[in-house]
**Q** 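Questions regarding the structure given below will be posed in turn.
Note on naming: letters A, B, ... go to the chains in the order of the sequence lines (proteins, then strands), and numbering restarts at 1 for each one. Only heavy atoms go into these numbers, but all of them, side chains included; no hydrogens, no water, no symmetry mates.
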Amino acid sequence: MPAVDVIEQHCPGAISRREQFRDNTRLIVPVDKIYDSLRVLKEKGGFDLLVDITAVDYLHFPDARDRFGVVYCLTNTATGERVVLKTLVNDPDPEVPSVCDLWRGADWMEREVYDMYGIAFANHPDLRRILMPDGFAGHPLRKDYPLRGYGERHNFQPLVRSEG
Amino acid sequence: MAVNPATDNFFVSKLDFVANYARAHSLWPMPFATACCGIELMSTASSRYDLARFGAEVFRFSPRQCDLMVVAGRVVMKMVPVMQRIWLQMPEPKWCISMGACASSGGVFDTYAVVQGIDRFIPVDVYIPGCPPRPEQLIRAVIDLQEKIKATGTFLGTEFAARTKAEGPALVPSMVASEDRIVAPGDYRTATRLREDA
């Protein structure tokens, strides 16, 4: 059963917008329905593989009304069908529900999205930075983060040769 | 003609000269290879270029057994505390070669994560330009370092004690604007803790 039908049957009204490009189906789902949509896709639709979780920052993007999009890529390994779900969140405190209890592999992907975009994942078992150091304050893939950072790369004590 | 052991079998020199001679010709490199320069570093050590000809073939992967740190490749901010700790773990006397454009200046990677020259954080003796440098350039740097050791070295390492200032470039004001917060990680002592004065 196609992903759209699965969601419409088990989670009616969840899809707010649908885009199709050749065999690539993209569904926009509100953030309060994203968890149920993903759950029925996994449990009823056979989309058992979570390929990726990533995010997009739509700051200064033409005609964009929301700041962030969180993107879930799913695959049905029995039929090869793929579907992309996107949910839109905004400042301040963007937050989406964690899907770690559906796919254990979502753990590190959600941590990476949190690290790079500052999007929190509710009910994540261990939500902390995965790439940047623990004390890091910014979220580097946000469009308003300067390319050269806020000086983090210079914030170390130099070693003097006479002392070591 | 008989050799007189009391007069003919020794010569007088300075202790500094002997120490420098031994140190310059038995450099044990610590390969801090983080990027493609590391491949050239390996090439230099292997048979075609044969760094062993200059007494520097004994690559040790423990800093406790090394006296020449070769930083080959870009260093990111997360790596700086590690690099400083490894440098401090090396026993005296020790030297540092900054190999390649990235280690010396950040190279093309002028981003928030990449350190703009390791000499901002650890003392460097010889810089090698190039992206990556040819093995001949690394050999040249080792020879230059040998000459530096022979020219300035002392038995007790007083030439190191005289280097009491940080030798890297000062921060360019445009790099850290006044309105930018200085945030993030710790120093070599803690590796992760926030600095108290930050």
**Q** More than 12 foreign heavy atoms under 6.0 Å from CG of A:D5: is that the case here?
**A**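 Yes - once you tally the heavy atoms of other residues, nucleotides and ligands closer than 6.0 Å, there are more than 12.
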**Q** At their closest point, which heavy atom of A:P158 faces which heavy atom of B:R120, and how far apart are they?
**A** CB-O, 3.1 Å
**Q** Can you establish whether the number of heavy atoms outside A:R26 located under 6.0 Å from its atom CZ is more than 12?
**A**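 Above 12, so yes.
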**Q** Which atom names give the shortest non-hydrogen contact between B:K165 and A:V160, and what distance separates them?
**A** N-CG1, 3.7 Å
**Q** Answer yes or no: is there an ion pair linking B:E92 with A:R161, defined by an N-O contact shorter than 4.0 Å?
**A** yes
**Q** Verify the cluster assignment for B:M77 and B:V124: are they in a single hydrophobic cluster under the rule of side-chain heavy atoms below 4.5 Å apart?
**A**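 In one cluster with B:M77: B:V124, yes.
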**Q** So do A:R153 and B:D110 actually touch side chain to side chain, heavy atoms under 4.5 Å?
**A** yes
**Q** Taking C-beta and beyond as the side chain, do B:M83 and A:F156 meet within less than 4.5 Å on heavy atoms?
**A** no
**Q** Answer yes or no: are there more than 12 heavy-atom neighbours, outside A:N24 itself, under 6.0 Å from its atom CG?
**A**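 Enclosed.
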**Q** Return yes when atom CZ of B:R48 has more than 12 non-hydrogen atoms of other residues, nucleotides or ligands closer than 6.0 Å, and no otherwise.
**A** no
**Q** Atom CG of A:L159 and atom CD of B:E167: how far apart are they, to the nearest 0.5 Å?
**A**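 If I round to the nearest 0.5 Å, the distance is 11.0 Å.
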**Q** A:S162 side chain to B:R163 main-chain N or O, any donor-acceptor pair under 3.5 Å?
**A**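 Confirmed, A:S162 side chain pairs with B:R163 backbone.
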**Q** Side chain, backbone, both or neither: which part of B:V114 has a non-hydrogen atom closer than 4.5 Å to chain A?
**A**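 The answer is the backbone of B:V114.
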**Q** Taking atom OH as the centre, does B:Y49 end up with more than 12 heavy-atom neighbours from other residues, nucleotides or ligands that are less than 6.0 angstrom away?
**A** yes
